[in-house]
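In what follows, a structure is listed as C-alpha cells, so that the remarks can point back to it.
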Amino acid sequence: MSKVDPSSPINFLLSHDPSHWRAEVLPKYPMIDVTFSGHTHGGQFGFSNPDYQWSPIKYAYREWAGLYQENINHFM
C-alpha cells in the first residue's frame, strides 16, 4: 500500500483468500474500493445450481462463494 497513489480515483486489490478482505482490507485499508479474491477451496466439495449453492466450507468461512458487499459507495 505504500506505493498506492492517494489521489487515485479507484483502487483494486487482488487477494487469493476471501477472508483477507474482512480481516485486513475492511479495517485497515478503506481506500481499497474493490477486492477480487480467489477461493477457499471449499473442501473441494459442494453443490451448485441456479437456485441454490452449498458447501461445508460455509461453516468455516463467512465469505465462501459469490459477491459480497460492504460500505457501498457507488462511483458510477
Side-chain angles (χ1 to χ4, degrees):
M1 293 303 300
S2 64
K3 298 195 183 218
V4 172
D5 182 351
S7 67
S8 176
I10 188 166
N11 294 298
F12 296 96
L13 173 69
L14 300 176
S15 175
H16 177 75
D17 183 352
S19 63
H20 176 249
W21 175 66
R22 186 164 300 282
E24 296 289 325
V25 177
L26 287 177
K28 296 179 184 176
Y29 305 104
M31 72 290 289
I32 294 176
D33 301 293
V34 178
T35 301
F36 296 94
S37 294
H39 50 85
T40 59
H41 293 278
Q44 303 295 329
F45 176 76
F47 298 100
S48 179
N49 68 42
D51 300 316
Y52 182 74
Q53 189 170 19
W54 180 88
S55 172
I57 203 65
K58 74 181 265 176
Y59 303 111
Y61 291 99
R62 186 171 174 180
E63 290 84 24
W64 62 278
L67 174 65
Y68 296 88
Q69 300 176 345
E70 184 132 347
N71 301 324
I72 301 169
N73 294 316
H74 296 282
F75 50 85
M76 290 187 200

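- By the side chain to side chain contact (heavy atoms under 4.5 Å, CB included) test, D51 pairs with N49, sequence neighbours left out.
- Here the side chain of N11 pairs no donor or acceptor atom with the backbone of D33 at under 3.5 angstrom.
- For the atom pair E70 CD and R22 CZ, the distance stands at 4.5 Å (nearest 0.5 Å).
- D17 contributes atom CG, which lies 5.5 Å from atom OH of Y61 (distance to the nearest 0.5 angstrom).
- Judged as a side chain to side chain donor-acceptor pair (under 3.5 Å), and not counting sequence neighbours, the contacts of S15 are H20.
- Every residue was checked against the side chain to side chain donor-acceptor pair (under 3.5 Å) condition with Y52, not counting sequence neighbours, and none meets it.
- Contacts of F47 classified as side chain to side chain contact (heavy atoms under 4.5 Å, CB included), with partners at least two apart in sequence or in another chain: F45, W54.
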Side chains of residues 23-32: which donor-acceptor pairs under 3.5 Å do they make with residues two or more places apart or in other chains?
unit_1	atom_1	unit_2	atom_2	d
E24	OE1	K28	NZ	2.8

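- From E63, atom CD reaches atom OG of S19 across 8.0 Å, with rounding to the nearest 0.5 Å.
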